[in-house]
Novice: 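Structure in C-alpha cells, see below.
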2 protein chains.
Amino acid sequence: MNAAEAVETIQREMTIFARRARASAGRMHPELSLVSYTLLGHLEERGGCRATDLAAHYALDKSTVSRQVAALERAGLIERRVDAEDHRVQVLHLTEAGRRILAQVTESRRAAFQARLADWPEQDLARFADYLVRYNAWAPQEPDDA
Amino acid sequence: MNAAEAVETIQREMTIFARRARASAGRMHPELSLVSYTLLGHLEERGGCRATDLAAHYALDKSTVSRQVAALERAGLIERRVDAEDHRVQVLHLTEAGRRILAQVTESRRAAFQARLADWPEQDLARFADYLVRYNAWAPQEPDDA
DNA sequence: AGTACAAGTTGTACTATACAACTTGAATCC
DNA sequence: GGATTCAAGTTGTATAGTACAACTTGTACT
C-alpha cells in the first residue's frame, strides 16, 4: 500500500465511521446523546463551567448549547448557579444524578470499545491510539473533519 | 501506554472525531452532505443500485433513503429507471451532473485529507489505514460505533 | 384467486443544529 | 454618571437527517 492509497483508505474509513457514529451512539445510549455525553464529560473534568465555554470549546452555537443545557437541567443531570461576580453568567455543575448517569454511560461505552478491541495486540492498540490523537490534533483552529 | 489506556484514548478520539465530522463535512461541502456523498459514491462504484440496497448497506431506514434519493433526483444528480423485470424496483443511476459533482467533492475531500496527512511517514499511513479498516470491519451485523 | 411479502412513498415526530432578534447585566468612555 | 458598547443567554424560526407506522403497488407462492 503506497501513501496515496493509504490516504484514500483513511479517508474512506473515517467517512464510514463518521456517518455511522452518531446514530449508533444514540441507539446504544438512548438516555444520553453523543453531544450531551460530551458536555457532561466536560463538566465533570472541569468541575463546572459556563455555557459559553462549552460553545467555544465544541464549536457549537450558543443557542444550541443553551437548549442542550436546558434539556440536561430538565432531566436533572446538571444545575445552574448564577455567578456571584457576574450576574449574566451561569456556572453549570453536574448533579449527583448527572454524575451517576455519566459514569454509567461511560462504563457501557468503555465496555463496548473494550469488546470491539479485545483481540487486538497491545502494540497495535497503542499505535492506533497514537495515530488518532495525531489525526485529531491537526489544525484545531479550523476543524474540517471528514 | 498499556492496553486499557490505549482503548480509552481510542474511544475518546473516535468520539471527538464523530462529533465533529458531520458538521465539518457540511461546512466544507455545502453542495453535498456526507450522506448524499456516500450514496452517490456507492452508485458510482456499483454503477447503479436499488434504494433498498442503499438502505441495507448503510443501515438507514428505507424512508430516509427514499427522501435522500428524491432530493438527489430533484437536484439532477441521479435518475431512476424502473426495472423491466420487477416494476416495484427503481434502479438508481448517476447522471452526468451527479458524476461531475461527485468527482469535484471527492477531489476536494481528497485534497483536505492529503494536506492533513502530508507529513506522516508512509509506514504510519499504511498502519493507520489498516487499523481503521479493521476497526470498521467489526461486527457488521450490529453497528455500534462510538 | 388469495395471501403473504417486498419496494417505495408519505405522514408525523423528534433531535441537533444555525442564525437572527431580543433581554439583561457589565464595562468603558467621554 | 449617564450613554454606549459588549457579553451571556434565551427564544423564534428554519433546516437536515433520521425513524416508525401506515399505505400503495407490484410479485410470488400456495
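Excluded from the calculations below are hydrogen atoms, water molecules and symmetry mates; all remaining heavy atoms, backbone and side chain alike, are included.
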Novice: Quick one: does NZ or CZ of A/Arg116 land under 6.0 Å from the six-membered ring centre of B/Tyr135, within 45 degrees of the ring axis?
Specialist: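 So A/Arg116 does make the cation-pi contact.
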Novice: For the side chain of A/Arg88 and the base of C/dA26, is some donor closer than 3.5 Å to an acceptor across the two?
Specialist: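 Not at all, since no donor on one side and acceptor on the other fall under 3.5 Å apart.
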Novice: Pairing donors with acceptors under 3.5 angstrom, does anything connect the side chains of B/Ser33 and B/Ser36?
Specialist: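 There is such a pair between these side chains.
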Novice: OP1 or OP2 of C/dA7 versus the side-chain N and O atoms of B/Ser66: is any pair under 4.0 Å?
Specialist: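 No, because none of the side-chain N or O atoms of B/Ser66 sits under 4.0 Å from OP1 or OP2 of C/dA7.
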Novice: Please figure out whether A/Asp53 or B/Leu60 has its closest DNA chain D nucleotide nearer the 5' end.
Specialist: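 The residue whose closest nucleotide sits nearer the 5' end is A/Asp53.
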Novice: Could you check whether B/Arg110 pairs with A/Glu8 (Lys NZ or Arg NE/NH1/NH2 to Asp/Glu carboxylate O, under 4.0 Å)?
Specialist: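 Judged by the 4.0 Å cut-off on N to carboxylate O distance, B/Arg110 and A/Glu8 do not form a salt bridge.
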Novice: How close or far is atom P of C/dT9 from atom CG of B/Leu72, stated in whole angstroms?
Specialist: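 Value for this atom pair: 12 Å.
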Novice: Over how many whole Å does the gap from A/Leu34 atom CG to D/dG17 atom C1' extend?
Specialist: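 Spelled out: CG on A/Leu34 to C1' on D/dG17 is 15 Å.
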Novice: Heavy-atom count check: over 12 atoms from other residues, nucleotides or ligands less than 6.0 Å from A/Gln123 CD?
Specialist: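 Incorrect, the count does not exceed 12.
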Novice: Calculate the interatomic distance between A/Glu85 atom CD and D/dA7 atom P; express it in whole Å.
Specialist: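 Roughly 19 Å, once rounded to whole Å.
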Novice: Measure CG/B/Leu54 against P/D/dT18 and give the value in whole Å, please.
Specialist: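 Atom-to-atom, B/Leu54 to D/dT18, this comes out as 12 Å.
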Novice: Tell me which nucleotide, if any, is Watson-Crick or G-U wobble paired with D/dT25 when both distances must be under 3.5 Å.
Specialist: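 The base-pairing partner of D/dT25, which may sit in any strand shown, is C/dA6.
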Novice: So that I can tick it off, tell me whether A/Asp124 and B/Arg134 are bridged by a salt bridge, with the cut-off set at under 4.0 angstrom between side-chain N and carboxylate O.
Specialist: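 A salt bridge links B/Arg134 with A/Asp124.
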Novice: Does A/Arg80 place a side-chain N or O at less than 4.0 Å from the phosphate oxygens OP1/OP2 of D/dA8?
Specialist: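 Answer no for this pair, as no side-chain N or O of A/Arg80 is under 4.0 Å from OP1 or OP2.
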Novice: Please report the distance, rounded to the nearest Å, between CG in B/Leu39 and P in C/dG8.
Specialist: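 Interatomic distance, CG of B/Leu39 to P of C/dG8: 13 Å.
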Novice: With DNA chain C as reference, determine whether A/Gln68 or A/Asp86 sits nearer its 5' end, using the nearest nucleotide of each.
Specialist: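 So the residue in question is A/Gln68.
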Novice: Please report, rounded to the nearest Å, how far the C1' atom of C/dT24 is from the CZ atom of A/Arg50.
Specialist: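 Roughly 16 Å, once rounded to whole Å.
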Novice: Determine, for A/Tyr37 and A/Arg109, whether the Lys NZ or Arg CZ falls below 6.0 Å from the six-membered ring centre while staying within 45 degrees of the axis.
Specialist: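 Output yes; distance and angle both within limits.
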Novice: Side chain of A/Val89 only, heavy atoms from C-beta on: which candidate in C/dA16, C/dG25, D/dG9 is closest?
Specialist: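 Output: D/dG9.
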Novice: B/Arg74 CZ to C/dT9 C1': how many Å, rounded?
Specialist: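 Taking CZ of B/Arg74 and C1' of C/dT9, I get 13 Å after rounding.
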Novice: Do other residues, nucleotides or ligands put more than 12 heavy atoms under 6.0 Å from B/Glu85 CD?
Specialist: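 No - once you tally the heavy atoms of other residues, nucleotides and ligands closer than 6.0 Å, there are 12 at most.
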Novice: Listing time: all N or O pairs from protein to nucleotides 20-23 of chain D that are below 3.5 Å?
Specialist:
| residue | atom | partner | partner atom | Å |
| --- | --- | --- | --- | --- |
| D/dC20 | N4 | B/Ser63 | OG | 2.6 |

